[in-house]
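So the structure is just underneath, and the comments pick up after that.
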Amino acid sequence: MNYWLIKSEPFKWSWDQQVKKKTTAWDGVRNHQAAANLRAMKKGDRCFFYHSNEGKEIVGIVEIVKEFYPDPSDETGKFVVVDVKAVEKLPRPVMLTEMKQTKTLANMALLRQSRLSVCPVSPEEWAAINRLSGL
DNA sequence: GCCAACGTTGGC
DNA sequence: GCCAACGTTGGC
(Lines give C-alpha, C1' and ligand atoms only; values in the text may rest on other atoms or scores of the structure.)
Protein backbone atom coordinates (compact mmCIF):
# COMPACT_ATOMS: atom_id res chain seq x y z
CA MET A 1 0.00 0.00 0.00
CA ASN A 2 1.16 3.54 -0.79
CA TYR A 3 0.61 6.70 1.16
CA TRP A 4 -0.22 10.20 -0.01
CA LEU A 5 -1.26 13.61 1.11
CA ILE A 6 -3.94 15.73 -0.53
CA LYS A 7 -4.50 19.40 0.12
CA SER A 8 -7.67 21.38 0.21
CA GLU A 9 -8.51 24.89 1.25
CA PRO A 10 -11.17 24.40 3.92
CA PHE A 11 -13.17 27.27 2.41
CA LYS A 12 -13.51 25.30 -0.81
CA TRP A 13 -13.72 21.79 0.56
CA SER A 14 -13.21 20.91 4.22
CA TRP A 15 -12.72 17.71 6.17
CA ASP A 16 -16.18 18.12 7.72
CA GLN A 17 -17.73 18.21 4.26
CA GLN A 18 -15.75 15.12 3.30
CA VAL A 19 -17.03 13.28 6.38
CA LYS A 20 -20.61 14.31 5.64
CA LYS A 21 -20.49 13.22 2.00
CA LYS A 22 -18.29 10.19 2.73
CA THR A 23 -17.19 9.35 -0.82
CA THR A 24 -16.34 12.07 -3.34
CA ALA A 25 -14.35 12.61 -6.51
CA TRP A 26 -11.17 14.54 -5.85
CA ASP A 27 -11.52 17.00 -8.71
CA GLY A 28 -9.97 20.25 -9.85
CA VAL A 29 -6.32 19.15 -9.92
CA ARG A 30 -4.67 21.11 -12.77
CA ASN A 31 -1.03 20.42 -12.17
CA HIS A 32 0.77 17.72 -14.09
CA GLN A 33 2.91 16.52 -11.23
CA ALA A 34 -0.11 16.32 -8.93
CA ALA A 35 -2.05 14.54 -11.70
CA ALA A 36 0.77 12.03 -12.11
CA ASN A 37 0.42 11.23 -8.42
CA LEU A 38 -3.33 10.76 -8.81
CA ARG A 39 -2.66 8.28 -11.63
CA ALA A 40 -0.24 6.36 -9.42
CA MET A 41 -2.81 5.87 -6.66
CA LYS A 42 -4.21 2.40 -6.13
CA LYS A 43 -7.46 1.32 -4.59
CA GLY A 44 -6.92 0.94 -0.85
CA ASP A 45 -4.12 3.49 -0.62
CA ARG A 46 -4.37 5.93 2.26
CA CYS A 47 -4.09 9.74 2.13
CA PHE A 48 -3.70 12.41 4.71
CA PHE A 49 -6.24 15.20 4.31
CA TYR A 50 -4.50 18.55 4.73
CA HIS A 51 -6.06 21.96 5.19
CA SER A 52 -4.02 24.59 3.35
CA ASN A 53 -4.07 28.36 4.01
CA GLU A 54 -6.56 28.14 6.86
CA GLY A 55 -5.40 25.70 9.47
CA LYS A 56 -2.23 24.41 7.82
CA GLU A 57 -2.65 21.05 9.45
CA ILE A 58 -3.43 17.43 8.68
CA VAL A 59 -6.88 16.71 10.00
CA GLY A 60 -7.87 13.27 8.80
CA ILE A 61 -7.29 10.19 6.68
CA VAL A 62 -9.09 9.18 3.50
CA GLU A 63 -8.90 6.01 1.43
CA ILE A 64 -8.79 5.65 -2.34
CA VAL A 65 -11.96 3.76 -3.27
CA LYS A 66 -11.76 4.23 -7.05
CA GLU A 67 -8.67 4.61 -9.18
CA PHE A 68 -8.18 7.45 -11.64
CA TYR A 69 -10.63 8.37 -14.37
CA PRO A 70 -11.09 11.56 -16.46
CA ASP A 71 -12.01 14.69 -14.50
CA PRO A 72 -15.55 15.63 -15.58
CA SER A 73 -14.78 19.28 -14.80
CA ASP A 74 -11.84 19.39 -17.22
CA GLU A 75 -12.72 20.27 -20.85
CA THR A 76 -9.28 19.36 -22.16
CA GLY A 77 -9.67 15.77 -20.99
CA LYS A 78 -6.09 15.68 -19.76
CA PHE A 79 -6.65 15.66 -16.05
CA VAL A 80 -8.00 12.95 -13.81
CA VAL A 81 -9.74 12.40 -10.49
CA VAL A 82 -9.84 9.57 -7.97
CA ASP A 83 -12.67 8.79 -5.56
CA VAL A 84 -11.81 9.15 -1.89
CA LYS A 85 -13.69 8.16 1.24
CA ALA A 86 -13.27 9.63 4.74
CA VAL A 87 -11.82 6.96 7.02
CA GLU A 88 -10.92 8.59 10.29
CA LYS A 89 -10.23 11.89 11.92
CA LEU A 90 -6.85 12.28 13.58
CA PRO A 91 -7.09 12.27 17.40
CA ARG A 92 -5.18 15.55 17.21
CA PRO A 93 -4.43 17.57 14.07
CA VAL A 94 -0.77 17.72 13.05
CA MET A 95 0.34 21.25 12.23
CA LEU A 96 2.73 22.21 9.49
CA THR A 97 5.06 23.81 12.06
CA GLU A 98 5.27 20.51 13.95
CA MET A 99 6.17 18.64 10.78
CA LYS A 100 8.89 21.17 10.04
CA GLN A 101 10.37 20.55 13.47
CA THR A 102 10.42 16.77 13.02
CA LYS A 103 13.70 15.41 11.61
CA THR A 104 12.12 12.34 9.99
CA LEU A 105 9.89 14.64 7.95
CA ALA A 106 12.53 17.07 6.69
CA ASN A 107 12.46 15.59 3.18
CA MET A 108 8.69 15.39 2.85
CA ALA A 109 7.39 16.46 -0.55
CA LEU A 110 4.89 18.62 1.29
CA LEU A 111 7.69 20.67 2.87
CA ARG A 112 9.97 20.76 -0.15
CA GLN A 113 7.30 21.72 -2.65
CA SER A 114 4.70 23.79 -0.94
CA ARG A 115 2.66 24.29 -4.08
CA LEU A 116 2.18 20.63 -4.92
CA SER A 117 -1.39 19.73 -3.96
CA VAL A 118 -1.07 15.94 -4.22
CA CYS A 119 2.16 14.59 -2.73
CA PRO A 120 3.60 11.18 -1.93
CA VAL A 121 4.25 10.21 1.71
CA SER A 122 6.79 7.51 2.61
CA PRO A 123 5.87 4.76 5.12
CA GLU A 124 8.35 6.29 7.59
CA GLU A 125 6.74 9.71 7.22
CA TRP A 126 3.30 8.17 7.55
CA ALA A 127 4.29 6.47 10.81
CA ALA A 128 5.95 9.60 12.19
CA ILE A 129 2.87 11.73 11.52
CA ASN A 130 0.59 9.14 13.10
CA ARG A 131 2.82 9.24 16.15
CA LEU A 132 2.59 13.05 16.30
CA SER A 133 -1.18 12.88 16.06
CA GLY A 134 -1.45 10.37 18.88
CA LEU A 135 -2.71 7.50 16.74
C1' DG B 1 -0.73 42.09 2.26
C1' DC B 2 3.60 40.40 0.72
C1' DC B 3 6.51 37.41 -1.58
C1' DA B 4 8.81 33.00 -3.12
C1' DA B 5 8.24 29.27 -6.06
C1' DC B 6 6.37 27.56 -9.83
C1' DG B 7 3.50 27.01 -14.10
C1' DT B 8 1.74 29.03 -18.33
C1' DT B 9 1.45 32.06 -22.17
C1' DG B 10 2.90 34.51 -26.04
C1' DG B 11 6.24 37.34 -28.68
C1' DC B 12 10.31 36.82 -31.10
C1' DG C 1 13.16 27.00 -28.51
C1' DC C 2 14.06 30.89 -25.47
C1' DC C 3 12.59 34.00 -22.15
C1' DA C 4 9.93 37.89 -20.21
C1' DA C 5 5.54 38.76 -18.36
C1' DC C 6 1.95 37.28 -15.93
C1' DG C 7 -1.07 34.26 -12.94
C1' DT C 8 -1.64 31.11 -9.00
C1' DT C 9 -0.64 28.71 -4.78
C1' DG C 10 0.27 28.86 -0.22
C1' DG C 11 3.33 30.10 3.74
C1' DC C 12 4.42 33.93 6.58
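Naming: A, B, ... by sequence-line order, numbering from 1 per chain.
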Can you give the donor-acceptor pairs under 3.5 Å from side chains of residues 56-67 of chain A to other protein atoms, not counting sequence neighbours?
from    : atom 1 : to      : atom 2 : distance (Å)
A:Glu63 : OE1    : A:Arg46 : NH2    : 3.2
A:Glu67 : OE2    : A:Lys43 : N      : 2.9

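With sequence neighbours excluded, the residues forming a side chain to side chain contact (heavy atoms under 4.5 Å, CB included) with A:Ala25 are A:Tyr69, A:Val81, A:Asp83, listed by chain and number. With sequence neighbours left out, A:Trp4 forms a ring-ring contact (aromatic ring centres under 6.0 Å, His included) with no residue at all. For the salt bridge (Lys or Arg N to Asp or Glu O under 4.0 Å) test, no residue two or more places apart in sequence or in another chain qualifies with A:Glu124. With sequence neighbours excluded, no residue satisfies salt bridge (Lys or Arg N to Asp or Glu O under 4.0 Å) with A:Arg131.
Of all nucleotides in DNA chain C, those with any atom nearer than 4.0 Å to a heavy atom of chain A start and finish, going 5' to 3', at C:dG7 to C:dC12.
Backbone-only contact: A:Leu96 has heavy atoms under 4.0 Å from sugar-phosphate atoms and none from a base.
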